[in-house]
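Report on the structure given below.
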Amino acid sequence: MRPGPHPLSAGGRGAGRRSADPVLGPALGRAFYDRPTTIVARALIGCRLSRSAPEGLRLGRVVETEAYVARDPANHAFRGPTERNRSMFGRPGTLYVYRIHQVHCANAVTCPGEAVLLRAVEPLTVGLGDARGPGRLCRAFGLTRDDDGADLTTGGLRIFAPDQPSRGPVVRAPRVGIRMATDRLLRFALKGSPYVSSPRPWRTRPVPGNPDRVDR
DNA sequence: TCATTGATTTGCT
DNA sequence: GCAAATCAATGAT
């Protein structure tokens, strides 16, 4: 257990109040994350990821996410809490950052043991590096294991609701880079966005019914 | 303590 | 298209 509030969090002060930015408005609050993970993964598309740093503001629009849910063998929390995934069992809106190979990946925790992987953002501030792919996204925002456990609702890293109508439909596809449960359509992306990651040829799988429907 | 693995990225063929 | 890079978490010994 890490003692006290995470360094990136604002602490207990203002608990229950929406954390607001003078320009971006109110940050997404606890209730946003405290919903079914696929709903949150879909709803995050178009939202703005913000990090206020001494060097200035870093801002990007979320264009690609993946849901990691309960009873999902690809989920790091599948076998219960460990030292690495401890923050996945924190409150909704907790940040879970882990390292894989030489890079970091960032997730927003929804309910305990479930999270949304932030896979790609479209840069909205100049100087934000390429953020196509979870590793590049973390590099662009300077996220490391030190940020694990931060509170996305009050900390220096926050997410804000879309400031404009969606520029296109959200499509679903199989998740990338996993070996288990590769058939599940738990990847969400803004269709046609050039800022979506493409480690493999981006192709959506035909979805029975409405492709925008989020039901599993 | 040792071996295996990986929610990635990059570079070479 | 494919494999190497490279290291910490994890599970077995």
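Residue numbers begin at 1 in each chain, while the letters A, B, ... track the order of the sequences.
- For the OP1/OP2 pair of B:dG6 and a distance below 4.0 Å, the side-chain nitrogens and oxygens of A:Arg179 include at least one atom meeting the criterion.
- Stacking between A:Tyr68 and B:dA7 is shown: the ring centroid lies under 5.5 Å from the centre of the six-membered base ring, and the planes differ by under 30°.
- Taking atom NE2 of residue A:His101 and atom P of nucleotide C:dA4, one finds them 13 Å apart after rounding to whole Å.
- Put simply, the side chain of A:Tyr98 and the base of C:dA8 share no donor and acceptor less than 3.5 Å apart.
- The separation between A:Glu114 atom CD and B:dA7 atom P is 17 Å, rounded to whole Å.
- For A:Arg139, taking side-chain heavy atoms from C-beta onward, the closest of the listed nucleotides B:dT10, B:dT9, B:dA7 is B:dT10.
- Checking side-chain atoms of A:Asn75 against main-chain N and O of A:Gly113 turns up a donor-acceptor pair under 3.5 Å.
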- Query: So A:Arg48 and A:Asp21, salt bridge (charged side-chain N to carboxylate O under 4.0 Å, His left out) or not? Walk me through it.
  - Reply: CA-CA 12 Å; A:Arg48 295 162 294 162; A:Asp21 179 275; over 6 Å; no

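- A donor-acceptor distance shorter than 3.5 angstrom exists from the side chain of A:Asp147 to the backbone of A:Thr144, with no hydrogens or angles considered.
- Between the side chain of A:Asn85 and the backbone N or O of A:Gly80 there is at least one donor-acceptor pair closer than 3.5 Å.
- In terms of modelled atom types and a separation under 3.5 Å, the side chain of A:Arg86 and the main chain of A:Glu83 share no donor-acceptor contact.
- Residues A:Phe32 and A:Pro92 form no side-chain contact, since every pair of their non-hydrogen atoms from C-beta on lies 4.5 Å or further apart.
- Here the side chain of A:Arg119 is nearest to one of C:dA5, B:dA7, B:dT10, namely B:dA7.
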Table please: side-chain donor-acceptor pairs of residues 53-62 of chain A below 3.5 Å, with sequence neighbours left out.
residue : atom : partner  : partner atom : Å
A:Glu55 : OE1  : A:Arg58  : NH2          : 2.9
A:Arg58 : NH1  : A:Ala140 : O            : 2.9
A:Arg58 : NH1  : A:Phe141 : O            : 3.4
A:Arg61 : NH1  : A:Gly46  : O            : 3.1
A:Arg61 : NH1  : A:Asp163 : OD1          : 3.0
A:Arg61 : NH2  : A:Asp163 : OD1          : 3.0

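- Distance A:Gln102 CD to B:dG11 P: 12 Å, rounded to the nearest Å.
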- Dot-bracket summary - DNA chain C, pairs being Watson-Crick or G-U whose distances fall under 3.5 Å, with | when paired to another strand: |||||.||||||.

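- The nucleotide whose nearest atom lies closest to any side-chain atom of A:Tyr96 is, among B:dT8, B:dA7, C:dA8, B:dA7.
- The nearest whole Å value for the distance from the CZ atom in A:Arg145 to the C1' atom in C:dA9 is 9 Å.
- Among the heavy atoms of the strands, none lies under 4.0 Å from A:Glu66.
- As rounded to whole Å, 11 Å separates atom P of B:dT8 from atom CZ of A:Arg136.
- Protein atom NE2 of A:His104 is 11 Å distant from nucleotide atom P of C:dC7, rounded to whole Å.
- No single ILVMFWY cluster, assembled from side-chain heavy atoms under 4.5 Å apart, contains both A:Phe160 and A:Leu190.
- A:Glu122 and A:Ser193 share no side-chain donor-acceptor pair at under 3.5 Å.
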Can you tabulate the close N/O pairs, meaning under 3.5 Å, that link protein atoms to atoms of nucleotides 10-13 of chain C?
residue : atom : partner : partner atom : Å
C:dT10  : OP1  : A:Thr82 : OG1          : 2.4

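- Between the CG atom of A:Asn75 and the C1' atom of B:dG6 there is a distance of 15 Å, given to the nearest Å.
- A donor-acceptor distance shorter than 3.5 angstrom exists from the side chain of A:Thr65 to the backbone of A:Ala41, with no hydrogens or angles considered.
- Taking atom CG of A:Asp148 as the reference point, atom P of C:dA9 lies 10 Å away to the nearest angstrom.
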